[in-house]
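Structure first, then comments.
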Amino acid sequence: LVNIVERKQEGRNPFYRVVDLDDTTSDPAVWGKNFPMQYDGYMRTVDQTRTRFGGSEAVPRTPTAADPRSVVAQSKLEEDPRLKTIWAGYAFARDFREERGHAHMLDDQTYTERQIAAKQPGTCMHCHASVYVPYMKLGDGDLIRGFEKMNAMPYAEARKLVEHPVACIDCHDPETMQLRVTRPGFLEGIRALKASQGVADYDVNRMATRQEMRAFVCGQCHVEYYFKGPEKRLVYPWAKGLVVDSILAYYDESGHKDWVHAATGAEVLKAQHPEFEMWNQGIHARSGVTCADCHMPYARVGGLKISDHHVQSPMLNLNRACQTCHNWPETELAARVEIIQGRHFELRNRAMDAVVALIQDLEAARAAGRTDADLAAARALQRRGQFLLDFVEAENSSGFHAPQEAARILGASIDLSRQGQLALRD
Amino acid sequence: LVNIVERKQEGRNPFYRVVDLDDTTSDPAVWGKNFPMQYDGYMRTVDQTRTRFGGSEAVPRTPTAADPRSVVAQSKLEEDPRLKTIWAGYAFARDFREERGHAHMLDDQTYTERQIAAKQPGTCMHCHASVYVPYMKLGDGDLIRGFEKMNAMPYAEARKLVEHPVACIDCHDPETMQLRVTRPGFLEGIRALKASQGVADYDVNRMATRQEMRAFVCGQCHVEYYFKGPEKRLVYPWAKGLVVDSILAYYDESGHKDWVHAATGAEVLKAQHPEFEMWNQGIHARSGVTCADCHMPYARVGGLKISDHHVQSPMLNLNRACQTCHNWPETELAARVEIIQGRHFELRNRAMDAVVALIQDLEAARAAGRTDADLAAARALQRRGQFLLDFVEAENSSGFHAPQEAARILGASIDLSRQGQLALRD
Amino acid sequence: MRFRGTEGALVGIAIGLAAGVGIYTFVYAKGGSYMTNDPAACANCHVMQDYYDAWLKSPHRAVAVCNDCHTPHALVPKYATKASNGFHHSFAFTSGRFKDTLRIKPHNLAITEHACRRCHEPITHAIEGPRESDMLSCVRCHASVGHLR
Ligand SMILES: [Ca+2]
Ligand SMILES: [Ca+2]
């Protein structure tokens, strides 16, 4: 009986505002006082469970002074050593792990051996910490100024200015709780994209629909990016479009390279987690189905429906994530995802064999003393073939977000890598 | 106002049986007396309308004694001359056109120049004419005997025994109007398939569900096939499964070849219209959505809902074909199909360039006097790469029936063709 | 604008006819069904039969009739809607001028969206945006609650 009564209470007045929140409240625990159910979910992102292709495995390790983490996620380099060949000469060849829940983002970035392999800039912080308040402070109220200042710092220095992983304030307006974009990278990236589509000075926080915001808040970080120029500005390469071909064209025009491949001397690119870009090519995006729909589905808590803030693999939550729209049994839903991912994985392995073969051929040709002129064509093809593969490989849904598009990209990648091998022989 | 009156009539009493039908009534006009609405639709399959990738274009021609047709469908060989290279030495390089409606099936088969390019067996009739009654007559009541007898005849002789294109009796039981499979090729093919899945002597007409039958009746003809042995028996290569890899494995084991490629000397295969096999790999099949749902959707005629027997491209009928399940506007539905087909077409062109390049290399190597031993590896790769491409190319939905699977196959095809080129250089 | 005599007359006749046909239609085609709350009444039209059958199988059968979801709550707009839809559907039905696969009209969908809230407000309170323009669509996820299509 008590139960019913308090449920009705909640119904009428879902959230008791016990504390006042303002634009400087970065501690999620404080927000949690007003929104305990969302806070509980948010805190559960520490969990680690493995799915067939996603989630993450909790791998115990003995903490050291340099890296106090007692648990990490499995190493992808060990799962597939071909990655070391592809990334030879780049920090990723030193340490690259399966990603895990939001709660770990700050630690995982701070302690990855990639920090040892190379000096990293303060720019990194943009997507691994609650930087909204720190940016505002640094820029004396000017978000972009603060962003630019932190980009220019060495990582260690910037690290001192932040405290939390992504927090409530990074996605919500403290007054209305409405979604908002706080990341300069996305604000500028989406503006460039819209401009290319003929929409002048697009302001996402004024012009986006609520539905779009349910994906844009994730697009703040789950995107391909690069550091532009000596000032290490974070840029999302969308000025020509979101399709991988447009992104590659953008890099080629600006002559950007992430590093020179240690084995082949090719000027290559590294792609990172383009979930937002790939999702955009899929049928779900086309149908207005957003990240939040699947990764933060509504959950009934007591007499209320709330967004599950335990952001995780939908494979661990099929009932809520999928079944409202797809009335298939959970086992069937899981099977559908895994059939897509299985096909994807097969083609991804073909593409990886192809680019590794090209790299080995280039290495041999180089050892045999062939001139840069001789190798130019093959190197250009490695750059393109490898980027296409890496783009799909770095995308974390194992093909699910856009199955046909991912396969198209892999098919093109295979073609380019094999043509590279042919170029060395003709 | 008359309109509404007669609608109420119909509502009460669907079909008036004005004539008796039995297992020897092959003339659809007679069936049409009992089922005028289905007959009207059936007759409309003469229509020709082009969609972006399907339908068919009505190309006028001056009738000749040899070929009295005054209208044909556009030539695919002219649309894409690369097909001539791929099929060099085979009848398909002489004449291959876009397929059109059922009403034309018998004429198009009779008058295709492929009949001139090569002697065709009576087996062909299986899928281009109403053969149920002729088979029964030939076999004195034994369908399979009749089938075998007609297979053994020369085409011209068999042609005399048939009169109609596929007709009511080929898909329906004249007593109950229930769907039934009348084609030996499918009866035996599906039995072999089920056996491979551990189901002994499967009898489709006794064991299939009604929903399955809505696809099986189409699977009688819209499938990959070959003529086995000197007796030219029609066989569907499903004994190892319906996926292209299983079909290729089946052909490799039985050492089957359709012809020896004129330019390269490779023992190659020709794939034909595997709509049934590809549909089976797609999400619609997985969801129990059948051929009839999209190609013969229910239509309201007067106050009655009947299956639209004007079998055609759903792109010409989106409201009935799709909107029953997808609440998207028609323009949006068309766009979704064309996005899938556009991506598919791009990758298909890549795969075709790759196999053509391999064929040209093989041709050159042969001209340069390389031995069969030298060419063996490359020829084996041509056989496989070319079959995978052809399988997808021959499938008439331009990727729609199973977008990711089609792309996976094309990716593998590209890999094999390029490896063939490498084999010639190493 | 002003009509000259003849035109005015013609228009008058036209309207008269329209009304006449309309009333005939409405009565004959049981457009009046719209005025009751009995779902079976909707099914007076066989085009509605499928929805009726599907509704019988839906969880809402026990709790919501067609009109709970397809007409506004307040009395006046309710009967206004019934009248307009009633006439529209009757006319469509009589003339046979409508597509085989029915699609709810935007304004009717809006009515339905509000209907959801009417009953589920308590539970969905938390997920509603502050502004009407932020109202998310229930149907986007619960398209088949009333009747599987
Ligand atoms: Ca993960
Ligand atoms: Ca066609």
Side-chain angles (χ1 to χ4, degrees), chain A residues 243 245 281-288 326-328 332-333 335-337 339-355 357-358 361 381 385 388-389 392 399-400 402-426, chain B residues 243-245 281-283 285-288 326-328 332-333 335-337 339-355 357-358 361 381 385 388-389 392 399-400 402-426:
Chain A
V243 182
D245 313 74
Q281 311 310 319
I283 196 75
H284 281 106
R286 183 105 194 170
S287 308
H326 301 287
N327 55 356
W328 315 109
E332 170 62 11
L333 277 163
R336 287 175 187 222
V337 174
I339 286 169
I340 290 170
Q341 295 180 319
R343 271 199 206 106
H344 177 84
F345 194 65
E346 180 198 322
L347 199 57
R348 169 259 195 200
N349 284 332
R350 261 189 195 278
M352 204 170 286
D353 285 340
V355 75
L358 170 57
D361 287 353
L381 285 158
L388 293 188
L389 165 63
V392 169
F400 178 83
Q404 187 201 20
E405 170 69 356
R408 178 190 72 87
I409 296 171
L410 289 171
S413 172
I414 291 168
D415 198 21
L416 296 170
S417 298
R418 295 300 185 189
Q419 284 184 37
Q421 290 182 274
L422 289 166
L424 288 172
R425 289 162 173 76
D426 293 340
Chain B
V243 182
V244 67
D245 313 74
Q281 311 311 317
I283 195 76
R286 183 106 193 168
S287 309
H326 300 288
N327 57 1
W328 314 111
E332 170 62 12
L333 278 161
R336 286 174 187 221
V337 175
I339 286 169
I340 290 170
Q341 295 180 319
R343 268 198 208 109
H344 177 83
F345 194 65
E346 180 198 323
L347 199 57
R348 168 260 194 199
N349 284 332
R350 257 188 198 279
M352 203 170 287
D353 284 340
V355 76
L358 169 57
D361 287 354
L381 285 158
L388 294 187
L389 166 63
V392 169
F400 178 82
Q404 188 201 18
E405 169 68 356
R408 179 192 70 88
I409 296 171
L410 289 170
S413 171
I414 292 168
D415 199 18
L416 296 169
S417 298
R418 295 300 186 190
Q419 283 183 37
Q421 290 183 275
L422 289 166
L424 288 173
R425 290 164 172 72
D426 293 339

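Labels below follow one simple rule: chain letters A, B, ... track the order of the sequence lines, proteins then strands, and each chain is numbered from 1. Because only heavy atoms are used, hydrogens play no part in the values below, and waters and symmetry mates are left out as well, while side chains stay in.
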One should read off an interatomic distance between A:S287 OG and B:E332 CD, to the nearest 0.5 angstrom, of 7.5 Å
side-chain hydrogen bond (donor to acceptor under 3.5 Å, both in side chains) filter on B:R350, not counting sequence neighbours, yields A:D415
Among residues 419-426 of chain B, those lying within the under-4.5 Å heavy-atom range of chain A are B:Q419, B:Q421, B:L422, B:R425, B:D426
Side chain to side chain contact (heavy atoms under 4.5 Å, CB included) filter on B:A351, not counting sequence neighbours, yields B:L389, B:L410, B:S413, B:I414
By side-chain hydrogen bond (donor to acceptor under 3.5 Å, both in side chains), A:N327 pairs with (sequence neighbours left out) none
Closer than 3.5 angstrom, by distance alone: can the side chain of A:Q404 be matched with the main-chain N or O of B:I340 as a donor-acceptor pair?
yes
Heavy-atom nearest pair, A:R408 first then B:A407, reads N-CB, 4.5 Å
Okay, A:H326 and chain B: the region with an atom under 4.5 Å from a heavy atom over there is neither
Turns out that what part of B:S417 lies under 4.5 Å from chain A's heavy atoms comes down to neither
Closest non-hydrogen atoms of B:R418 and A:R418, given as atom of the first, atom of the second and distance, are CB-CB, 3.4 Å
**Message:** Walk me through whether B:Q281 and A:I339 qualify under side-chain contact (heavy atoms from CB on, under 4.5 Å).
**Reply:** CA-CA 10 Å; B:Q281 311 311 317; A:I339 286 169; over 6 Å; no
Whatever's closer than 4.5 Å to a heavy atom in chain A on B:E346 counts as side chain
